[in-house]
Amino acid sequence: MLTPRKHLDLNTSLLRVAAIMLKELHKRGVIEMMTLKQRVIRRVGSNGELMFLPALSFLYLLGKVEYHVQNDTLEYRTD
């Protein structure tokens, strides 16, 4: 996923999907998970649905996203 390969489509790569997600989260601060998923799919295409969860996991591991279970939202972390 992160390693470049000959047949890798850069438009649907994990890093691009994560960058789109960060941009949306930075603009809004807090966004519902399904809304963010729809925005990613609209920008990337149907492959965005496949890359959504890996990109979300990547951002969570980096500490850029916090998930709120009560209302199924994602919050952009600035620290």
Side-chain angles (χ1 to χ4, degrees):
M1 286 186 209
L2 291 176
T3 57
R5 295 194 178 135
K6 182 178 173 179
H7 301 291
L8 176 68
D9 184 11
L10 294 177
N11 290 327
T12 60
S13 68
L14 180 120
L15 292 176
R16 179 162 190 267
V17 172
I20 291 169
M21 293 169 75
L22 273 179
K23 186 176 178 182
E24 290 293 326
L25 283 164
H26 184 67
K27 273 197 263 184
R28 289 165 180 70
V30 176
I31 191 169
E32 289 184 359
M33 194 154 158
M34 289 307 295
T35 305
L36 182 61
K37 187 175 185 178
Q38 290 170 352
R39 290 177 192 264
V40 167
I41 292 170
R42 189 176 322 134
R43 294 270 311 269
V44 176
S46 61
N47 287 338
E49 188 171 0
L50 296 173
M51 295 307 294
F52 181 77
L53 286 178
L56 182 60
S57 297
F58 178 67
L59 292 176
Y60 184 78
L61 287 171
L62 290 176
K64 295 295 183 184
V65 176
E66 186 174 332
Y67 177 67
H68 298 287
V69 178
Q70 301 89 352
N71 43 8
D72 196 35
T73 58
L74 296 166
E75 179 181 2
Y76 179 72
R77 295 187 62 188
T78 56
D79 54 339

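For this chain, numbers begin at 1 and follow the sequence in order.
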Exercise. Passes side-chain contact (heavy atoms from CB on, under 4.5 Å), Q38 versus E32? Steps please.
Worked result: CA-CA 10 Å; Q38 290 170 352; E32 289 184 359; over 6 Å; no
For this session: Starting at CZ of R28, measure out to NZ of K23 and round the result to the nearest 0.5 Å.
Result: 10.5 Å
Exercise. Could you state the interatomic distance from NZ (K64) to OG1 (T78), rounded to the nearest 0.5 Å?
Worked result: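 Here the interatomic distance stands at 8.5 Å.
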Problem set entry | Over 12 non-hydrogen atoms of neighbours within 6.0 angstrom of NE2 in H26 |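 For H26, atom NE2 is not crowded (no more than 12 foreign heavy atoms under 6.0 Å).
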Exercise. Does E66 CD have over 12 foreign heavy atoms under 6.0 Å away?
Worked result: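 Yes, the 6.0 Å shell around CD holds more than 12 heavy atoms from other groups.
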Mind checking whether [X] and [Y] sit in one hydrophobic cluster, side chains of I, L, V, M, F, W, Y counted as touching below 4.5 Å?
X   : Y   : answer
V44 : L50 : no
L15 : V65 : yes
V17 : Y60 : no
I20 : V30 : no
Y67 : L22 : yes

For this session: For side-chain contact (heavy atoms from CB on, under 4.5 Å), just list the numbers for R39 and I31, CA-CA rounded to whole Å, side-chain angles, deciding distance to a tenth of an Å, and then say yes or no.
Result: CA-CA 11 Å; R39 290 177 192 264; I31 191 169; 3.9 Å; yes
Exercise. side-chain contact (heavy atoms from CB on, under 4.5 Å) with I41: which residues, sequence neighbours excluded?
Worked result: K37, E49
For this session: Check the pair M21, L56 against side-chain contact (heavy atoms from CB on, under 4.5 Å), reporting the backbone distance first and the verdict last.
Result: CA-CA 8 Å; M21 293 169 75; L56 182 60; 3.8 Å; yes
Seminar exercise, completed: A55 and L14 have their tightest heavy-atom pair at N-CD1, 3.7 Å
Problem set entry | Test side-chain contact (heavy atoms from CB on, under 4.5 Å) applied to F52 and M33, step by step | CA-CA 10 Å; F52 181 77; M33 194 154 158; 4.1 Å; yes
